[in-house]
Participant: 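Once you've had a glance at the structure underneath, I'll fire off some questions.
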4 protein chains.
Amino acid sequence: MSAQERPAELTAERPVPRPAARPAARPGRRRDEAKDDAILAATLELLAERGYDGMTMDAVADRAGAGKATVYRRWPSKVRLAADALVCNRSARLSIDDVPDTGSLRGDLAAMRRLATRVNNANDDALTGVWSIVQDDPEVAAIFREQFVKSKVGLMRAVLERAQARGEVPAGRDLEMIAMVGPALLSYHKLANGGSLEEGFVERMIDEVIVPLATCAPVPEPAGSR
Amino acid sequence: MSAQERPAELTAERPVPRPAARPAARPGRRRDEAKDDAILAATLELLAERGYDGMTMDAVADRAGAGKATVYRRWPSKVRLAADALVCNRSARLSIDDVPDTGSLRGDLAAMRRLATRVNNANDDALTGVWSIVQDDPEVAAIFREQFVKSKVGLMRAVLERAQARGEVPAGRDLEMIAMVGPALLSYHKLANGGSLEEGFVERMIDEVIVPLATCAPVPEPAGSR
Amino acid sequence: MSAQERPAELTAERPVPRPAARPAARPGRRRDEAKDDAILAATLELLAERGYDGMTMDAVADRAGAGKATVYRRWPSKVRLAADALVCNRSARLSIDDVPDTGSLRGDLAAMRRLATRVNNANDDALTGVWSIVQDDPEVAAIFREQFVKSKVGLMRAVLERAQARGEVPAGRDLEMIAMVGPALLSYHKLANGGSLEEGFVERMIDEVIVPLATCAPVPEPAGSR
Amino acid sequence: MSAQERPAELTAERPVPRPAARPAARPGRRRDEAKDDAILAATLELLAERGYDGMTMDAVADRAGAGKATVYRRWPSKVRLAADALVCNRSARLSIDDVPDTGSLRGDLAAMRRLATRVNNANDDALTGVWSIVQDDPEVAAIFREQFVKSKVGLMRAVLERAQARGEVPAGRDLEMIAMVGPALLSYHKLANGGSLEEGFVERMIDEVIVPLATCAPVPEPAGSR
DNA sequence: CTGTAAACGAGACGGTACGTCCTGTCTTTGA
DNA sequence: TCAAAGACAGGACGTACCGTCTCGTTTACAG
């Protein structure tokens, strides 16, 4: 029932968010699509102001100028609404085409870092606030993983592949693994730091970890390996 | 109010977990110390079965065969109880002395991995479920960081330093950063995988990321480097 | 607003139920008069099946094959609809001319009872269910009193007057009061009985109360009266 | 479950309202019996001020200084609460012993009328407001019939029996039926009058209906009866 | 025959009450 | 004095219904 009932954001890949809608006309009043946005906006605001627990469904409805029924007609539960609000809000997603080819891996990473900062910093933090709650719902959890993990890793991997094509990265490296290192370190650092990002951390990470790891020659396996 | 009221786990450094308690006799019934364990066990079970939201205080008390008041006499809130349950349960902590010196970084890491598996696998997973909630409480958050981040990174760093002393790791590497890579990748992988650890992932991580990163020669900085 | 909007039943005396309507033509689609009946029928059914609370406006519209707007275009509220449904349905009203002159009060009453049974039994019962709700609306309440109280008492009074003309009932009796006794007992009995009418109750009432009361000689007032 | 859970008023005959209660002691906080009264009082007030629909459960809890859970722990639904409030409030119930023996039926009735006015006038009116709603619940309906119908009829019957013993009322009269006439007329009159009682109505009823009916000689059955 | 106005079925809307559940506190009885 | 049991205030959740409004379609008069 739900895949069609709910707004499409959480259930489809973004590129085609609403699949051309109902081809045949249905009777009855149309849903006010503007309400979706109003509700999501209200949700996001309240999430930021008061946290997940303070984000009351009544408050959401109220601030969105909607009735609770309207909210529940579109999202089946508070968790799903919060999840959708966070996912949808990741306004732009970076793709490899957004990252300029600077001619070096190090340059590309620096460029990427600048783009990413502009795009989705605040959201990542808000996300942490609902992460554990969102995990209860397996479907939502999958979407979240897609949105917040795989997309980052994918972008990083594309950058690495470009560097490999350029000859910077030797063949035979486990790019999948290496692509995870950046995002992983970033989020682990935030974990260890109470959510804040230390000045200069990203640069240090790029210079001390990612670039060396990607560009150094493969170490020969020890003879009697394991 | 709390430092004395609550079991010591969350408020003191582990070495002296329960401060020998009151030696002199007080009037009245003694606290049943066994109840602490029953409550923590119940908490952990429910956390695993139903997640943080499903872990009701009533259910905890019920399963522990205790009254709610008993629970609240020992822990000041649900969050703290959940936090304590997770922290306390990390029965043993590894130190560098527990990791045998196999003569190679790769061997040490493999040994460490075997030890760690025995010790604290299940718990790390349960942790993910309460992470964000636990963050609300700054004191708890600090303990958690200590327990789940710094201790891992510290151990890893010690292993790296041993390898450096052995001559495997070149001087001048940012060991702090490199030590984070292992734990970060592990937890990020679990995040991306819904909590489960893919077969062979750790080995791949050791061979493709940590060992190369630690042992390869530093790459020369590009000429016009920032 | 309403007198013209709504079907005429509740606002006009029955004899001219729908005042020949607008002779001049207006543009636009005509109201489907058949829908009135469908809606009233649905209302009555649901009232009987589920009571006033269970009689949802959505359910009424649904069962009548109508939209809610259609219902609300014709009746301004749920109460009024329920009221109308009950009132309109009292298909025929008995008048003194319908009651054959059997030559005795007792015979006339028996005849009347047979007629009344045919006419409006089920409805009286449904009525009880909305009585108190209907009271909120003063206009509706007035109609209801007219329909369900005065009409019965009026008929009974006519029968009593015929008996008085016949010489059965002594002059000087308070016919107004006596005429109320029958209807009052009937409805009170239903109240006390959960809506059902005990077998033989009407006959007993006629023989033990109405006839004796109407025909006996007036009792002499006690000497030092009040 | 419910008979014991709820306060006893609606489920037991008043004389032994709470059946000696729990003989053995149970652990746990006792129910605050004062809350019962506070809640019932709040209910009654709100019922009077705003009617049944306006009597919100939240408002009741609020005014009673209680939580909604406390209300719902004691009454299973709004209807039951309203019902109980009305029934319990009939502070005193008249019995035949309260009606002085004036030596004549007419005098007894006048005395009874004075007593009844003092005791339960307002309540009868409030009752009308919930009657139809209360009817949905068969158990409550039965209690209401008991309280508001049978008790009145019973008292009236006792007065008639006393008059019969005195010789005022001939043997062989259908006292059950005659006892209903008074209450029936009264409530029917209120029905027809929008709830208000016309000045002098009761006296007229006593003199023109009840006394004549009870004291007149039985009319001979017509020969060829029906 | 075409335009326009109204009524139609469907169903979304704002609002609001209901009854359930959970947290953290308080009270009672027993050990 | 502490324990178990459980009642308490408060407040959020998700459901249901009322009366209104908006769609896109159908009907019927007007020109």
Side-chain angles (χ1 to χ4, degrees), chain A residues 25-32 35 53-59 61-62 64-79, chain B residues 26-32 35 53-59 61-62 64-79, chain C residues 24-32 35 53-59 61-62 64-79, chain D residues 22 24-33 35 53-62 64-79:
Chain A
R26 288 170 319 138
R29 179 171 176 174
R30 281 311 94 82
R31 276 197 192 168
D32 183 353
K35 273 284 130 84
D53 266 22
M55 172 205 127
T56 296
M57 290 305 260
D58 286 85
D62 205 48
K68 269 211 297 179
T70 301
V71 178
Y72 276 101
R73 198 175 296 115
R74 291 153 192 245
W75 287 274
S77 73
K78 182 180 172 177
V79 189
Chain B
R26 286 169 315 143
R29 179 168 171 178
R30 273 312 94 80
R31 261 195 202 175
D32 181 355
K35 274 282 133 82
D53 262 27
M55 173 205 126
T56 297
M57 290 305 261
D58 288 83
D62 203 50
K68 274 210 295 175
T70 302
V71 178
Y72 275 100
R73 197 173 298 115
R74 292 153 192 243
W75 286 272
S77 75
K78 181 179 173 180
V79 190
Chain C
R26 285 168 318 140
R29 179 173 174 175
R30 280 309 93 87
R31 269 193 197 173
D32 182 355
K35 273 283 129 87
D53 261 27
M55 173 206 127
T56 297
M57 290 306 261
D58 287 82
D62 204 49
K68 274 209 297 175
T70 302
V71 179
Y72 275 101
R73 198 174 296 117
R74 292 154 192 243
W75 288 273
S77 75
K78 182 179 171 178
V79 190
Chain D
R22 300 92 191 167
R26 287 171 320 141
R29 182 169 174 176
R30 282 308 94 81
R31 273 196 194 171
D32 183 353
E33 302 291 349
K35 275 283 131 85
D53 265 22
M55 172 206 127
T56 297
M57 289 306 259
D58 286 84
V60 168
D62 206 48
K68 271 212 295 178
T70 301
V71 178
Y72 276 101
R73 197 174 299 117
R74 292 151 192 248
W75 288 273
S77 73
K78 182 178 172 179
V79 190

Participant: Using atom CE of C/M55 as one end and atom C1' of F/dG19 as the other, report the distance to the nearest whole Å.
Facilitator: 13 Å
Participant: Once salt bridge (charged side-chain N to carboxylate O under 4.0 Å, His left out) is applied, do any residues pair with A/K68, and if so which ones, sequence neighbours excluded?
Facilitator: A/D58
Participant: Quick one: list whatever passes side chain to side chain contact (heavy atoms under 4.5 Å, CB included) with D/D53, sequence neighbours left out.
Facilitator: none
Participant: Specify the separation, in whole Å, of atom NZ of C/K78 and atom P of F/dG19.
Facilitator: 8 Å
Participant: When rounded to the nearest 0.5 angstrom, what distance separates CE in B/M55 from CE in B/M57?
Facilitator: 5.5 Å
Participant: Applying side chain to side chain contact (heavy atoms under 4.5 Å, CB included), can you list everything that pairs with C/D32, at least two apart in sequence or on another chain?
Facilitator: C/A34, C/K35, C/R74
Participant: Could you work out how much the helix from E/dC1-F/dG31 to E/dA31-F/dT1 bends, comparing the axis of its first five pairs with that of its last five, to 10°?
Facilitator: 10°
Participant: When you get a sec, tell me which of E/dG24, F/dC13, E/dG19 is the closest nucleotide to the side chain of A/M57?
Facilitator: F/dC13
Participant: How does each nucleotide of nucleotides 9-15 of chain E score, in 5' to 3' order, for protein heavy atoms under 4.0 Å: base (B), sugar-phosphate only (S), or none (-)?
Facilitator: BBBBBBB
Participant: Please name all residues satisfying side chain to side chain contact (heavy atoms under 4.5 Å, CB included) with D/A69, sequence neighbours left out, ordered by chain then number.
Facilitator: D/R73
